[in-house]
Amino acid sequence: MKRLLYIIIPVVGLFAAGCNKFLDRQPLAQASESTFWKTAADADKGLNAVYSTLPDSRDFWRDCHSDNSVMTNAWGEGGMGYICQGTQSPTDGYISEEWAYSKLRMALYFLDKLKGMSIDENLKKRYEGEARFILAIRYFRMVRLFGDIPLIKEAPVSLEDAALPRSPASEVLNYVISNVETAVANLPVTYPNNDAGRITKGAALMLKADVYLYMASIKKFHQNQDDASLWKQAADAAQTVIDLGAGYDLESDYSYLFKHESNNNNKEVILAYQYVKNEITNMLPVLASPTGTGITGEGWASFCPTRDLVDSYLCTDGKSIKTSSLYDKNNPWANRDKRLQQTFLLPGVPCLRPDGTYQPYQPHPSYGNPERMNNEGGGLTGYMYLKFAEPTNPDPENAYMNFPLYRFAETYLMLAEALNEYEPGNGKIAWAMDKVRARSGLPGVDDLQGNQSAMRDAIREERRHEFVAEHKRYFDILRWKIAENVLNKPAYGINSNVNDPIGDWSKPQFMAQNRVFDPNKHYLWPVPQTALDKNKNLTQNKGW
């Protein structure tokens with residue numbers, strides 16, 4: 001989709017004007033209402049602007065909401081770092097960022113204009129499917145964060161002008177599903193190479209499975225009303241992706257997926273936010289890396305993995321570090337899930353330095369290295385990322401690796417999770433799990449087949465390790481109703497005594513951050529105060 005996204009920025013201005021009733025104006029170098037929305041090329045440009053509202057690489061930052069990551073600047077980004085500490089408030093700018101009605105308006109505005117266009121009907125249906133997918137994924141995200149929200153359907157009015165009250169989450173999710181079904185029906189399985197990166201039928205089916213997994217989880221774990229039909233819908237959608245014949249498969253090298261070389265050049269990513277060299281870029285390598293590492297030495301260590309996450313990776317015999325005979329506290333990264341060293345920069349492991357040499361990463365303050373903890377750019381836990389870091393990138397502030405939204409690995413894990421909840425004896429559960437685990441050098445899970453609880457735990461851990469920094473974990477711990485368990489304890493880092501074995505979990509550790517999760521209020525975010533001030537028909541969530 002690189003060709004497409006070159007033209008996003010100019011067209012976004014048109015959408016912003018349209019949503020604010022200024023389309024009668026004709027600004028210089030910008031299309032106007034009287035000359036736009038006439039041809040298929042116009043619709044194509046307009047749709048590309050809607051694509052810009054898809055979740056993007058900022059979702060890497062959001063892993064700090066969960067038990068996976070710590071934000072170094074805990075109050076930063078308008079309050080992003082407050083979420084895991086339970087100190088967020090309705091006045092935080094970050095809360096308003098996720099109350100994304102301006103992004104919804106862009107999709108609704110496009111659909112409204114597309115409806116009146118005289119272009120090829122097949123193309124028109126495809127464009128509608130793409131826009132409805134984006135509308136659906138945005139509404140779905142907001143429901144998971146805020147619960148009941150105002151539902152604006154086919155007219156691109158502003159929420160303030162409409163003064164709508166909050167609709168039940170179930171009603172919004174029904175609308176999400178109706179849009180997803182249209183997308184599934186209208187979208188192709190694949191595109192020609194010059195349109196690579198667009199939303200496909202497979203992506204729409206993934207969103208469908210995602211929504212049904214969420215609805216099934218809320219019923220079962222929050223409302224104690226298990227509904228097998230919802231789990232089955234999720235499993236059926238995931239199975240359809242597997243049977244689609246789109247050429248999806250797992251890449252043999254997990255780390256390859258998060259480098260610019262894999263952009264639209266791999267068989268695993270079903271949908272990603274598209275980045276383009278020198279045009280649409282991100283700064284993930286700077287955020288992910290500590291100072292003094294990588295070819296430039298530039299790194300802010302803005303987000304650091306937690307000790308709990310690092311220690312949770314299994315040994316190659318499938319056992320935890322506390323039960324496996326393979327685990328060596330003095331050499332803790334050996335004989336472990338391959339993703340551990342593919343995802344993280346770990347103490348003692350050689351890393352690239354600005355002089356081109358590889359020297360051990362040593363973040364303990366006693367070493368006095370630039371990457372030392374609590375130094376500027378040194379982080380808080382002593383662990384950092386390799387995923388998305390691209391240490392050889394000479395321009396880390398302008399990186400352009402795509403950011404995956406759905407990968408085929410998740411297809412397998414969605415299938416396994418859904419089947420385990422309504423048909424725990426189904427042999428496809430272990431089959432799907434083993435597909436993902438094999439790449440990481442882990443044994444199969446046949447011995448867990450039929451043990452629903454043990455398999456559930458294994459699936460959940462597999463999702464945690466597979467999707468680190470892809471903003472899956474936070475939504476998972478919310479829907480599984482385990483956030484009150486995993487976020488009500490401090491986040492720790494490496495051992496504080498440099499003489500203790502680095503892998504000895506029983507020794508004192510640096511505390512990176514204290515965390516609080518109140519189950520009576522934190523499963524939903526507060527409605528932004530700015531929205532309440534503008535729309536008197538809105539009400540606040542309980543406890544806020």
Side-chain angles (χ1 to χ4, degrees), residues 66-68 235 238 242 249-257 268 305-344 346-349 383 386-387 407-421 423-470 472-473 476-477 480 482 485-486 501-506:
S66 77
D67 53 339
N68 277 0
I242 293 170
D249 202 352
L250 300 185
E251 288 290 335
S252 59
D253 181 359
Y254 177 79
S255 62
Y256 169 69
L257 294 164
E268 183 168 341
T306 63
R307 176 66 175 267
D308 178 76
L309 173 59
V310 171
D311 282 356
S312 69
Y313 281 75
L314 299 176
C315 294
T316 51
D317 58 3
K319 297 178 180 180
S320 75
I321 63 172
K322 295 182 180 182
T323 60
S324 174
S325 61
L326 298 177
Y327 185 66
D328 181 352
K329 294 177 182 180
N330 292 293
N331 188 19
W333 323 130
N335 303 314
R336 301 281 291 279
D337 182 328
K338 290 180 182 178
R339 288 170 297 195
L340 180 62
Q341 292 199 56
Q342 293 172 324
T343 303
F344 305 118
L346 299 163
V349 176
Y383 307 110
L386 285 178
K387 190 173 180 177
R407 296 192 281 112
F408 197 52
E410 191 169 10
T411 313
Y412 285 127
L413 296 183
M414 284 177 164
L415 178 64
E417 180 180 354
L419 286 175
N420 187 60
E421 294 301 336
E423 195 178 331
N426 193 309
K428 283 187 177 180
I429 301 169
W431 169 82
M433 279 280 282
D434 292 352
K435 288 282 189 181
V436 181
R437 288 167 68 95
R439 175 168 64 183
S440 302
L442 296 179
V445 292
D446 286 347
D447 59 326
L448 301 181
Q449 192 71 57
N451 184 337
Q452 187 183 52
S453 179
M455 185 69 84
R456 180 185 294 135
D457 290 342
I459 291 168
R460 291 179 176 184
E461 283 300 295
E462 199 63 35
R463 282 188 62 90
R464 185 184 191 187
H465 300 143
E466 182 67 24
F467 304 117
V468 169
E470 295 178 57
K472 304 286 184 180
R473 177 66 174 176
D476 281 348
I477 65 176
W480 294 330
I482 64 170
N485 302 323
V486 303
I502 196 167
D504 190 341
W505 65 83
S506 67

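We count residues from 1, following the sequence as given.
Here OG of Ser255 is found 11.0 Å from NZ of Lys338. Values are rounded to the nearest 0.5 Å. Rounding to the nearest 0.5 angstrom, the gap separating the CZ atom in Arg336 from the OH atom in Tyr313 is 9.5 Å. Once rounded to the nearest 0.5 Å, the distance linking CD1 of Ile242 with CG of Leu415 reads 5.0 Å. Considering CG of Leu419 and CD1 of Ile429, their distance stands at 5.5 Å, rounded to 0.5 Å. Remark: His465 NE2 to Arg473 CZ distance equals 8.0 Å, nearest 0.5 Å. Summarising the geometry, atom CG belonging to Asp308 is positioned 10.0 Å from atom OG belonging to Ser66; distances are rounded to the nearest 0.5 Å.
For the pair Val310 and Pro305, the tightest heavy-atom approach, listed with the atom from each and the gap, is CG2-CB, 4.4 Å. Across every non-hydrogen atom of Asn420 and Arg456, the tightest pair is ND2-N, 3.5 Å. Nearest heavy atoms, Ser324 versus Asp317: OG-OD2, 2.7 Å. Annotation for Ser440 and Asp337: closest pair CB-OD1, 3.2 Å, computed over non-hydrogen atoms. The two residues Asn335 and Leu326 have their closest heavy-atom pair at ND2-O, 3.4 Å. Counting all heavy atoms, side chain and backbone alike, Val445 lies closest to Ala430 at CG2-CA, 3.8 Å.
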- Task: Quick one: do Leu346 and Ile502 satisfy side chain to side chain contact (heavy atoms under 4.5 Å, CB included)? Show the steps, please.
- Result: CA-CA 10 Å; Leu346 299 163; Ile502 196 167; over 6 Å; no
- Message: Go through it in stages, so that I can follow the logic: the residues are Arg437 and Glu461, the test is salt bridge (charged side-chain N to carboxylate O under 4.0 Å, His left out), and I'd like the CA-CA distance, side-chain angles, deciding distance and then a yes or no.
- Response: CA-CA 11 Å; Arg437 288 167 68 95; Glu461 283 300 295; over 6 Å; no
- Between Lys322 and Tyr327, is a side-chain hydrogen bond (donor to acceptor under 3.5 Å, both in side chains) present by the stated rule, with each step listed? CA-CA 8 Å; Lys322 295 182 180 182; Tyr327 185 66; over 6 Å; no
- Does the pair Phe467 and Leu413 meet the rule for a side chain to side chain contact (heavy atoms under 4.5 Å, CB included), with working shown? CA-CA 11 Å; Phe467 304 117; Leu413 296 183; 3.9 Å; yes
- Message: For a side chain to side chain contact (heavy atoms under 4.5 Å, CB included) check, start with the C-alpha distance between Tyr383 and Leu309, then their side-chain angles and the critical distance, and finish with the verdict.
- Response: CA-CA 10 Å; Tyr383 307 110; Leu309 173 59; over 6 Å; no
- Run the side chain to side chain contact (heavy atoms under 4.5 Å, CB included) check on Glu251 and Arg439 step by step: do they pass? CA-CA 8 Å; Glu251 288 290 335; Arg439 175 168 64 183; 4.2 Å; yes
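A salt bridge does not link Glu470 with Arg463: none of the charged nitrogens is closer than 4.0 Å to a carboxylate oxygen.
By the ring pair (Phe, Tyr, Trp, His ring centres under 6.0 Å) test, Trp333 pairs with no residue at all, sequence neighbours left out.
No donor-acceptor pair under 3.5 Å is formed between the side chain of Thr316 and the backbone N or O of Gly441.
Other residues, nucleotides and ligands contribute only 12 or fewer heavy atoms inside 6.0 Å of the NZ atom of Lys428.
Two residues are said to be in side-chain contact when any heavy atoms from C-beta on lie closer than 4.5 Å; Met433 and Leu448 fail this criterion. Between Met455 and Pro424, every side-chain heavy-atom pair lies at or beyond the 4.5 Å cut-off.
Across Lys435, Lys472, Arg460, Arg407, a single residue satisfies salt bridge (Lys or Arg N to Asp or Glu O under 4.0 Å) together with Glu466, and that is Arg407.
Relative orientation of the Tyr412 and Trp431 rings is perpendicular, given thresholds of 30° and 60° on the angle between their planes.
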